[in-house]
Undergrad: 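Just passing along the structure, written as structure tokens.
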Protein chains: 2
Amino acid sequence: MSDKSIDKKKRDKASTREALIGAATELFAERGFDGTRVDQIAQSAGVNKAMISYHFGGKKRLYNEILAATLNDAHERFHEIRYSKESADRRLRDFIFAFADLAATQPALPVMVIREVLSGGLHIDEDLLPRFLELFKLVQGIIDQGIREGTFTNVNSYVTHLSLLGSLVFFFATKQMRELLAGSPLPSRVPEVREFVRDLERTMRRGLAAGPAEA
Amino acid sequence: MSDKSIDKKKRDKASTREALIGAATELFAERGFDGTRVDQIAQSAGVNKAMISYHFGGKKRLYNEILAATLNDAHERFHEIRYSKESADRRLRDFIFAFADLAATQPALPVMVIREVLSGGLHIDEDLLPRFLELFKLVQGIIDQGIREGTFTNVNSYVTHLSLLGSLVFFFATKQMRELLAGSPLPSRVPEVREFVRDLERTMRRGLAAGPAEA
DNA sequence: GTCTATAGGCTGATAGAC
DNA sequence: GTCTATCAGCCTATAGAC
């Protein structure tokens with residue numbers, strides 16, 4: 001045996017946790033909390049299923065740990081926009097691009113968010129809920145700002161921020177199904193995302209713009 | 001015993017099926033297919049759980065029967081718009097209003113649709129899939145029409161129809177969570193829907209409108 | 001046609017060896 | 001820290017009484 005007691009049987013704690021989190025993130029996003037079996041997670045991570053209880057204290061805890069990490073990531077990315085002193089137009093644009101960027105890096109986020117929203121946050125810890133709401137409030141705040149500044153037309157900011165978030169979340173959350181329907185894994189379909197972001201930003205900007213406008 | 005052999009123990013076939021479908025629709029929408037237990041469905045419907053297997057041939061069949069019925073309803077409602085000879089502007093408006101109307105009558109539809117879309121249609125029968133796609137194609141077709149006719153600006157109709165559907169589906173699918181967050185059941189919050197529909201229609205119309213426009 | 005009781009299988013969690 | 005073996009509980013489906 002080596003003097004450092006590194007047996008090939010043992011991995012370090014960190015790598016096991018990492019493997020479990022990675023596999024679980026994918027599976028939870030794809031099949032939801034109830035649709036995912038701990039067996040699958042363990043097998044997909046290449047570790048024993050008992051490790052889930054050992055390292056995380058159960059399936060539910062693992063789920064919430066992933067959710068918390070993902071939300072933290074989102075929170076960091078939007079931090080700059082939250083405290084930005086730019087115009088509403090610009091902040092809205094920044095948010096859309098930042099969201100798209102986040103969704104590209106963390107494809108599981110929109111899916112897990114939407115799943116929780118659908119079931120009324122059935123599986124998430126109480127203290128995680130405010131994190132969700134911050135994300136929503138940020139968007140509504142930007143629209144309110146635009147209305148106050150007179151650059152946005154007088155929409156209802158509450159319903160409108162839901163429209164925008166709906167477009168964003170839905171687009172990225174449905175990626176899997178779109179790939180499935182296309183038959184192929186759509187390897188070079190990435191431009192799709194750029195077009196989506198561009199068109200959504202443009203449509204929202206023009207749709208919200210104040211002005212002499214039409215009826 | 002009565003000569004008509006109507007014991008109070010027995011309900012008729014139709015009412016049992018109806019009760020099961022009603023209870024199951026609500027639960028499937030709220031908790032998803034995997035998150036719903038047949039015990040719950042039966043209890044909520046006030047019938048024995050064995051009735052699910054008896055009347056529908058299992059949980060999955062029940063689920064698909066509900067999905068099929070809901071999609072049929074949607075199909076009927078959109079039939080007129082599909083073959084309408086109106087302008088794209090008008091057809092888009094009609095679609096948004098019809099969708100909102102449908103979602104108000106059948107709150108489970110948007111939730112079940114989005115759940116299936118998320119998991120890549122994991123639980124649905126093969127032959128039900130085209131029904132989903134028709135709904136999507138209808139919206140994309142309307143946008144294409146507007147671009148052809150020159151009343152819509154030159155967006156990518158594929159990504160844009162996803163934006164619109166995302167807004168619609170998300171808004172109605174998140175109703176439960178919004179009520180939960182509000183603390184109260186939001187009895188008189190129905191005007192919210194009207195404002196949403198009005199603002200979404202206006203934002204899309206203005207956002208898509210062709211014209212001298214800005215950059 | 002409806003019900004009760006139960007079968008048969010799978011799930012998430014744990015105790016204890018290594 | 002990791003693994004094997006195993007448990008208790010729950011799930012869906014079915015057989016058979018009424």
Side-chain angles (χ1 to χ4, degrees), chain A residues 1-25 27-28 30-67 119 122-125, chain B residues 1-25 27-28 30-67 119 122-125:
Chain A
M1 322 297 177
S2 74
D3 54 330
K4 281 290 188 181
S5 72
I6 299 171
D7 302 357
K8 73 175 174 188
K9 267 190 174 181
K10 299 189 180 187
R11 304 162 191 222
D12 57 312
K13 184 174 166 174
S15 84
T16 298
R17 282 181 58 100
E18 234 174 273
L20 279 172
I21 287 180
T25 303
L27 285 165
F28 282 143
E30 194 178 313
R31 319 181 141 234
F33 179 81
D34 295 308
T36 303
R37 311 290 140 199
V38 290
D39 259 359
Q40 294 179 301
I41 299 172
Q43 195 180 345
S44 173
V47 305
N48 191 281
K49 70 173 178 168
M51 294 297 94
I52 290 168
S53 290
Y54 178 76
H55 284 289
F56 299 95
K59 183 186 177 185
K60 200 157 188 169
R61 294 262 181 83
L62 170 59
Y63 183 76
N64 273 279
E65 198 151 318
I66 289 171
L67 221 50
S119 50
L122 205 70
H123 317 100
I124 70 174
D125 283 347
Chain B
M1 319 300 178
S2 73
D3 54 333
K4 283 288 188 183
S5 73
I6 299 171
D7 302 357
K8 71 176 175 187
K9 267 189 173 181
K10 299 189 179 187
R11 303 159 191 229
D12 58 309
K13 183 174 169 176
S15 86
T16 299
R17 282 181 59 101
E18 234 174 272
L20 279 171
I21 287 180
T25 303
L27 285 165
F28 281 143
E30 192 178 314
R31 320 184 138 229
F33 179 80
D34 295 308
T36 304
R37 310 292 142 196
V38 290
D39 256 358
Q40 294 179 299
I41 299 173
Q43 196 180 342
S44 172
V47 306
N48 190 281
K49 67 175 176 169
M51 293 298 96
I52 291 168
S53 290
Y54 178 75
H55 284 289
F56 299 96
K59 182 187 177 185
K60 200 157 187 168
R61 295 263 181 82
L62 171 58
Y63 183 77
N64 273 279
E65 196 150 320
I66 289 171
L67 221 49
S119 51
L122 205 68
H123 317 99
I124 70 174
D125 282 348

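Excluded from the calculations below are hydrogen atoms, water molecules and symmetry mates; all remaining heavy atoms, backbone and side chain alike, are included. Since the structure is predicted, the reported quantities are computational estimates derived from the model, not experimental observations.
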Undergrad: What distance separates A/Lys49 NZ from A/Arg37 CZ, expressed to the nearest 0.5 Å?
TA: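 Reported to 0.5 Å precision, the distance equals 11.5 Å.
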
Undergrad: With nearest nucleotides of DNA chain D determined for A/Tyr54 and A/Lys49 from heavy-atom distances, which residue corresponds to the more 5′ nucleotide?
TA: A/Tyr54

Undergrad: Which nucleotide in the list D/dC3, C/dC3, C/dT11 gets nearest to the side chain of B/Asn48?
TA: C/dC3

Undergrad: Give the rounded distance in Å between these two atoms: CG of B/Leu20 and P of D/dT12.
TA: 13 Å

Undergrad: Below the 4.0 Å mark, does C/dG1 have OP1 or OP2 next to a side-chain nitrogen or oxygen of B/His55?
TA: no

Undergrad: Tell me, do A/Asp34 and B/Phe33 make a side-chain contact under 4.5 Å, heavy atoms counted?
TA: no

Undergrad: Could you check how far CD of A/Glu18 sits from P of D/dT2, rounded to whole Å?
TA: 13 Å

Undergrad: Please determine which of B/Thr25, B/Ile21, B/Thr36 meets the side-chain contact (heavy atoms from CB on, under 4.5 Å) test together with B/Ile41.
TA: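 Testing B/Ile41 for a side-chain contact (heavy atoms from CB on, under 4.5 Å) against B/Thr25, B/Ile21, B/Thr36 leaves exactly one candidate, B/Thr36.
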
Undergrad: Starting from P on D/dT12, measure out to CG on A/Asp34 and report it in whole angstrom.
TA: 11 Å

Undergrad: Round to the nearest Å and state the distance from A/Gln40 atom CD to C/dT11 atom C1'.
TA: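 After rounding, the gap between these two atoms is 11 Å.
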
Undergrad: Closest nucleotide of DNA chain C for A/Met51 versus for A/Arg37: which of these residues is on the 5' side?
TA: A/Arg37

Undergrad: Is there a side-chain contact between A/Thr16 and the phosphate of D/dT2, meaning an N or O under 4.0 Å from OP1 or OP2?
TA: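 So the side chain of A/Thr16 is within the cut-off, an N or O lying under 4.0 Å from OP1 or OP2 of D/dT2.
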
Undergrad: Which residues pass the side-chain contact (heavy atoms from CB on, under 4.5 Å) test with A/Glu30, not counting sequence neighbours?
TA: A/Gln176

Undergrad: In whole Å, what is the span from the NZ atom of B/Lys59 to the C1' atom of D/dC10?
TA: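 It works out to 12 Å between those atoms.
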
Undergrad: Grab the CZ-P distance between A/Arg61 and C/dT14 for me, whole Å please.
TA: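 Taking atom P of C/dT14 as the reference, CZ of A/Arg61 is at 10 Å.
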
Undergrad: Heavy atoms, side chains only, cut-off 4.5 Å: are A/Lys59 and A/Phe28 in contact?
TA: yes

Undergrad: Starting the side chain at C-beta, find the nucleotide from C/dT14, C/dT11, D/dA13 nearest to A/Ser53.
TA: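 Nucleotide nearest to A/Ser53's side chain: C/dT14.
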
Undergrad: As a test of reading the structure: which of D/dA13, D/dC3, C/dA5 is closest to the side chain of A/Val47, going by heavy atoms?
TA: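 The closest nucleotide is D/dC3.
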
Undergrad: Rounded to whole Å, how long is the line connecting atom NZ of B/Lys60 with atom P of D/dT12?
TA: 13 Å

Undergrad: Between C1' on C/dT14 and CZ on A/Phe56, what's the gap in Å once rounded to a whole number?
TA: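 Computing the A/Phe56:CZ to C/dT14:C1' distance gives 18 Å.
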
